[in-house]
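Some notes on the structure that comes next.
Each ligand, and each atom within it, is numbered from 1 in the order the structure gives.
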Amino acid sequence: MTSFQDLGLAAPILAALTAEGYEKPTPIQAQAIPHLLQGKDLLGIAQTGTGKTAAFALPILDRLARDRKPVPHHGCRALILSPTRELASQIAQSIRSYGRNLKLRVAVVFGGVSARPQAQELARGVDILVATPGRLIDHLDGRAVNLGHVEVFVLDEADQMLDMGFIHAIRRLVPQLPKVRQNLFFSATMPKEIGALAADLLRDPVEVSVTPVATTAERIAQKVLFVETARKRNLLVDTLRDEGMGRTLVFSRTKHGADRIVRHLEEANIPSSAIHGNKSQSQRERALADFRSGRRKILVATDIAARGIDVDGVTHVINFDLPNVPESYVHRIGRTARAGAEGSAISFCDAEERAYLRDIERLTRQTIPSEDHRLPATVAAEATARPPAKPARGGKPGGGRGQARPAGGGEGPGRSHGGQRANAGQRGKPRSDSRTEAGGQRRDGRGGEKPIGDMSFMKPARGR
Ligand code: AMP
């Protein structure tokens, strides 16, 4: 079994890892670090929870510490781009802990807070800069930062960058980097546009793939509860009152929906906090701190705000709404079962969301066990409202939107693959949902995307 010593990291870094309580490298660390220490480019297929932050942070720290140089004024030696503020500050926090014995300067810049102190810090120069793309572009436009001294460039959560519309910003930033540099590229999934971006950025990269999306899903006990939209809030209260519920993350597709859930829970005397893009930075930080410390057992979040949140011990994820992008389901439920722990995911699904459920089941290659919590009158009404079954392309009829399926245990082997394929055309169709936090964005042209389970050659990271 590889140890951190075997990887060849500098002694002050090893001391910091011991202080962190890290005993051995996670699979992505064991595989990536030796190549990164040699200066190779890397394509990492991994999501949060795999230890990927240390996988890129440790070799960067090692490189900068061994080859000490004065920090470039208005610049940095390593640049890490992250899609969200939460993730950016978590990365910076991790780098500071791993680099506690190195005296390197680390800065983090993101939007939603004043740009001036960031510009002042950048003017003095830093070793490592962690940034969200939008704010970094602002600083570039304001000439507060110059990327001409970057030796290592990390693009983290590239697929999320795409979902959040940052690809254009990234394509603007890259030409400002020196031509000779080390590139690290991380993504949980590989949609076509991300594959193209990786191909443009990386030179002869080493590829490392861990915790494939489908495998993550398999590790978590999952259940779908069919319920009318109007009854979801009461079902949530009933579910949360269950004694087995521990630290629970509730997902809402929209910011307003998240606030409504918090208000409803308050009325039911269940304290919770919300975290989403309309909250101020300090509100988000407080909500996260309360959740982390256990002061609040329930955190209601939108996909984007929750992205990359690293909170151990989340026992349950509740999808109040199903996400319209199936990969988000995997990211959501991946908030539980971190570091090898077991977890549960419960998803509420109304008639409108059946198509999303089918997309999720196809991506994760599983049938999620279901329970029917609908009123008998709804079941009858939905049965009569069901559109006449169209023959599927080359297959059996069925699989139409809103189609009921038997309660209590999924559809079993009788489930028509023809029906799934018949729905493939609906898949790319965005629900007219401009209220979603990412502006209802949905990737187009995803035909070339395949679940990364296919690309994995590793078992999921466990037992850390
Ligand atoms: P990440 O995937 O980078 O978000 O990391 C997930 C969590 O695993 C964080 O809480 C890290 O502190 C923790 N972690 C990372 N590497 C190790 C390791 N080698 N041993 C134990 N915990 C780790």
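Residue contacts with ligand 1 for Lys24 involve N, CA, C or O but no side-chain atom from C-beta outward (heavy atoms, distance under 4.0 Å).
Listed by number with element, the atoms of ligand 1 under 4.0 angstrom from any heavy atom of Thr53 are 1 (P), 3 (O), 4 (O). Those atoms of ligand 1 that come under 4.0 Å of a heavy atom in Phe4, given as number and element, are 19 (N). Near Thr26, the atoms of ligand 1 lying under 4.0 angstrom from a non-hydrogen atom of the residue are 16 (N), 17 (C), 18 (C), 19 (N).
Here the NE2 atom belonging to His149 is positioned 15.0 Å from the CZ atom belonging to Arg181, to the nearest 0.5 angstrom.
Geometric assessment of Lys24 against the ring of Phe4 yields a negative cation-pi assignment under the 6.0 Å and 45° thresholds.
Between Leu249 and Ala301, the shortest heavy-atom distance links the atoms CD1-CB, 4.4 Å. Shortest non-hydrogen contact noted between Ser82 and Leu87 is OG-CB, 3.5 Å.
Not less than 6.0 angstrom separates the ring centroid of Phe153 from the ring centroid of Phe56.
Between Gln29, Gln93, Gln90, it is Gln29 that holds the heavy atom closest to atom 15 (C) of ligand 1.
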